[in-house]
Protein chains: 2
Amino acid sequence: MSRAEALSPTRLKDAAPLFAALGDATRLGLLVSLCSGGPLTVTRLSGQFDVSRQAITKHLDVLAEAGLVKSSRQGRERIWTFEPKRLEDAHQYLERLSREWDVALGRLKAFVET
Amino acid sequence: MSRAEALSPTRLKDAAPLFAALGDATRLGLLVSLCSGGPLTVTRLSGQFDVSRQAITKHLDVLAEAGLVKSSRQGRERIWTFEPKRLEDAHQYLERLSREWDVALGRLKAFVET
DNA sequence: AAAAAATGCAACCAGGGGGTTGCATCATTC
DNA sequence: GAATGATGCAACCCCCTGGTTGCATTTTTT
C-alpha cells in the first residue's frame with residue numbers, strides 16, 4: 001500500500017462513518033440547505049424541518065463529526081457551512097468500488113474467452 | 001422537474017436508505033469481497049469476518065433491500081452477487097450535491113464582484 | 001438411510017440513534 | 001438592567017440495529 005493510500009480517508013474503515021452520516025433523510029436535507037442556501041444558523045435551519053431545534057443540532061453534530069459541515073461562532077449565533085472535501089472522499093470511494101468491479105468483469109470476460 | 005428526474009432513485013428520500021446501507025464497515029467489506037472476489041455464498045463470506053454467519057446474513061439482507069446485492073438459489077446454497085446499478089445512483093446523487101455547491105459558489109462570486 | 005453441509009428461522013439482548021422536554025447560559029437590544 | 005433571542009446542556013424514551021445462540025429444514029454425499 002502506498003503512503004498516499006495509507007493516509008487517504010477513503011479507506012474502508014474511514015468510509016463507513018462518512019456514509020453513515022449521509023444515511024439519514026434529515027441530514028441529507030440539511031446538506032442540501034447549506035449547500036444551495038448558503039451558511040445558516042441552527043434556528044433558521046430547524047424552521048425548514050418538522051423536528052425540534054435540538055434534534056437539528058444533533059444532526060449537525062453528526063455531520064460535523066464526519067467532516068461534512070463546519071461551524072463558527074459569530075456573536076450569539078453559530079453559523080453552519082457546508083464542507084465539500086469529505087463529499088469528494090465519498091465520491092472517490094464509490095469510484096474505487098466500481099472500478100474494482102469493472103476489473104473483476106474484465107477478468108471474467110478474459111477467462112470466458114479462453 | 002423532468003420526468004426522468006422525477007423517477008430517478010437519486011432523489012433525497014431514496015438516497016438516504018442507500019447511504020445508510022453503505023454506512024457500516026462490515027457491509028462495505030462484504031461489497032468489496034463480492035466486488036473483487038466474485039459471487040460467493042454466505043458461509044464462504046462469513047469466513048472472512050469475525051462475526052457469525054447469521055449476522056452476515058442480516059447484513060446481506062440490508063444490502064439486498066438497498067439493491068446493492070442480489071441473491072439466487074443454486075441447489076442447497078444461495079449465491080450472492082454484487083449489483084452495480086445502485087452504486088451508480090449514489091454516485092450521481094453525490095455529484096448533484098457538489099454541483100449545487102459549485103453553483104452556489106458561483107452565485108456568491110458574482111455577488112461579491114458586483 | 002444416515003451423516004454432513006448450507007441455510008432458514010426465531011428468540012433474545014445490549015447499545016446507540018433519533019426524538020423530546022425543561023432549564024441554564026450568553027449575547028443583544030430597548 | 002431587563003427583556004428577548006439564540007444556543008448549550010442534560011435527562012429521558014422508544015425503537016431499531018447489530019450481534020448472539022439454538023434449533024429446524026433442505027440438499028448432498030457416502
Side-chain angles (χ1 to χ4, degrees), chain A residues 12-34 37-82 86, chain B residues 12-34 37-82 86:
Chain A
L12 194 143
K13 70 177 186 109
D14 302 311
L18 181 52
F19 286 124
L22 293 171
D24 180 278
T26 305
R27 283 198 287 270
L28 282 183
L30 286 171
L31 283 186
V32 170
S33 287
L34 291 180
L40 282 174
T41 178
V42 190
T43 35
R44 298 278 288 178
L45 280 168
S46 33
Q48 309 179 9
F49 303 86
D50 53 354
V51 293
S52 71
R53 167 184 61 85
Q54 288 87 335
I56 298 292
T57 299
K58 288 190 185 178
H59 280 304
L60 288 171
D61 286 341
V62 172
L63 289 173
E65 187 75 20
L68 288 164
V69 302
K70 192 176 59 177
S71 76
S72 66
R73 274 309 267 285
Q74 212 160 13
R76 83 178 139 180
E77 45 187 29
R78 174 177 293 275
I79 311 292
W80 294 87
T81 65
F82 177 63
R86 285 288 152 137
Chain B
L12 195 141
K13 70 175 188 110
D14 301 311
L18 181 51
F19 287 124
L22 293 171
D24 179 279
T26 305
R27 284 198 286 271
L28 282 183
L30 286 171
L31 283 187
V32 170
S33 287
L34 291 179
L40 282 173
T41 176
V42 190
T43 36
R44 299 277 289 178
L45 281 169
S46 33
Q48 310 179 8
F49 303 85
D50 54 354
V51 292
S52 71
R53 167 183 61 85
Q54 288 88 335
I56 298 293
T57 299
K58 287 190 184 177
H59 280 303
L60 288 171
D61 287 342
V62 172
L63 289 173
E65 188 74 20
L68 288 164
V69 301
K70 191 176 60 175
S71 75
S72 66
R73 276 309 267 285
Q74 213 159 12
R76 84 176 136 179
E77 45 187 28
R78 175 178 293 275
I79 310 291
W80 294 87
T81 66
F82 177 64
R86 284 289 152 134

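Side chains included, hydrogens not; waters and symmetry mates left out as well; all remaining heavy atoms used. Residue numbers start from 1 in every chain, and the chains themselves are labelled A, B, ... in the order their sequence lines are given, proteins ahead of strands. Worth saying up front: this structure is predicted, and the values here are computed from it rather than measured.
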Residue pair [X] / [Y]: nearest heavy atoms and the distance that separates them:
| X | Y | answer |
| --- | --- | --- |
| B:I79 | B:P39 | CG2-CB, 3.6 Å |
| B:G29 | B:F49 | C-CZ, 3.6 Å |
| B:V42 | B:I56 | CG1-CG2, 4.3 Å |
| A:L68 | A:A21 | CD1-CB, 4.1 Å |

Take atom [atom1] of [X] and atom [atom2] of [N], then tell me their distance rounded to the nearest Å.
| X | N | atom1 | atom2 | value |
| --- | --- | --- | --- | --- |
| A:E65 | C:dG16 | CD | P | 14 Å |
| A:I56 | D:dA6 | CD1 | P | 16 Å |
| A:L28 | C:dG18 | CG | P | 12 Å |
| B:W80 | C:dG8 | CH2 | C1' | 12 Å |
| A:I79 | D:dG5 | CD1 | C1' | 14 Å |
| A:F49 | C:dT20 | CZ | C1' | 18 Å |
| B:D61 | D:dC16 | CG | P | 17 Å |

Sugar-phosphate, base or nothing in reach of A:V42, heavy atoms under 4.0 Å: sugar-phosphate

Side chains of B:L63 and B:L34 in contact at under 4.5 Å (non-hydrogen atoms): no

Residue met sooner reading DNA chain C from 5', once B:K58 and B:R44 are mapped to nucleotides: B:R44

Phosphate OP1/OP2 of C:dG19: any A:H59 side-chain N/O under 4.0 Å: yes

No-hydrogen, no-angle side-chain donor-acceptor test under 3.5 Å, A:S71 and A:R78: yes

B:Q48 atom CD: more than 12 heavy-atom contacts under 6.0 Å: yes

Among D:dG8, D:dA6, D:dG18, the nucleotide that comes nearest once only the side chain of B:R27 is considered: D:dG18

Under 4.0 Å protein heavy-atom contact, by nucleotide of nucleotides 21-29 of chain C - B base, S sugar-phosphate only: BB----BS-

